[in-house]
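Worksheet: one structure, shown below.
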Amino acid sequence: DAGITQSPRHKVTETGTPVTLRCHQTENHRYMYWYRQDPGHGLRLIHYSYGVKDTDKGEVSDGYSVSRSKTEDFLLTLESATSSQTSVYFCAIRTTSGNIYNEQFFGPGTRLTVL
Amino acid sequence: ELKVEQNPLFLSMQEGKNYTIYCNYSTTSDRLYWYRQDPGKSLESLFVLLSNGAVKQEGRLMASLDTKARLSTLHITAAVHDLSATYFCAVTPNTGNQFYFGTGTSLTVIP
């Protein structure tokens, strides 16, 4: 399972509150990703990181921020949650150096409901 | 805008039958991925296709890649109920670090 954990696994919150989701990996991978999954849209990239303090936006980054102060942790923050951010959030790592496949492996997901 | 299109979106098939899922993409890419997702679960990597003409097989599933046509197929042979799941394809452009996913194909195999 590539040693990826996500916390919390489930969260219910109210509109306007801040929310932080955590992704933790144990295998020192450089690249980490945050996706959201919604019916009819597949997975859409929110933000990704290519190293400590190095991040970039994905296709649906509005309303989200990220931070990566340590290799093993990638945090996703909803500054002021809205109902449109109700979704399942997946973290992923990407294998690199020495691995020609550059595969992604996914965490177990976090189900977020914004009321 | 990069697009990845899968079809069909929903597929109901009888056990023992064959079928193909198609994945078209709009960027130059030599790298295509297939994933499986069971309800309420995470994504599991099935295949990584790295070059034009690549073919990979695992059990009743076979994936192929035509980079010139920007098309990948996932062929299901003699379907069984255990193959019921949602299947996603994803591409990563030859330049760039992002992965782009199709909307998924929900497969139901009926006994």
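Since we're looking at a predicted model, the values are computed, not measured. Here is the naming used below: chain letters follow the sequence lines, and residue numbers restart at 1 for every chain.
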(request) May I ask you to check whether Phe106(A) and Tyr35(B) place their ring centers less than 6.0 Å from one another? (result) yes

(message) Keeping Ser42(B) on the side-chain end and Gly109(A) on the backbone end, is there a donor-acceptor pair under 3.5 Å?
(response) no

For [X], is the [atom1] atom crowded, meaning more than 12 foreign heavy atoms sit under 6.0 Å from it?
{"X": "Arg70(B)", "atom1": "CZ", "answer": "yes"}
{"X": "Tyr31(A)", "atom1": "OH", "answer": "yes"}
{"X": "Glu14(A)", "atom1": "CD", "answer": "no"}

(request) Work out which heavy atom in Phe90(A) is nearest to a heavy atom in Gln37(B); give both atom names and the distance. (result) CZ-NE2, 3.6 Å

(request) Identify the heavy atoms of Ser45(B) and Glu103(A) that sit nearest to each other, and give their distance. (result) OG-OE1, 2.9 Å

Do [X] and [Y] belong to the same hydrophobic cluster, where Ile, Leu, Val, Met, Phe, Trp and Tyr are linked whenever their side-chain heavy atoms lie under 4.5 Å apart, directly or via other members?
{"X": "Val60(A)", "Y": "Val91(B)", "value": "no"}
{"X": "Trp34(A)", "Y": "Tyr100(B)", "value": "no"}
{"X": "Leu107(B)", "Y": "Phe10(B)", "value": "no"}
{"X": "Trp34(B)", "Y": "Leu43(B)", "value": "no"}

(message) Just verifying a value: how many Å separate Phe101(B) CZ and Gln104(A) CD, rounded to the nearest 0.5 Å?
(response) 5.0 Å

(request) Starting at CZ of Arg94(A), measure out to CG of Asn97(B) and round the result to the nearest 0.5 Å. (result) 5.0 Å

(request) Please look at Glu44(B) and chain A and tell me whether the side chain, the backbone, both or neither of the residue comes under 4.5 angstrom of a heavy atom of that chain. (result) neither

(message) Please classify the contact of Phe99(B) with chain A as side chain, backbone, both or neither, using a heavy-atom distance under 4.5 Å.
(response) both

(request) Could you tell me which portion of Leu43(A) (side chain, backbone, both or neither) has an atom closer than 4.5 angstrom to a non-hydrogen atom of chain B? (result) both

(message) If I measure from the heavy atoms of chain B, does Tyr50(A) come under 4.5 Å with its side chain, its backbone, both, or neither?
(response) neither

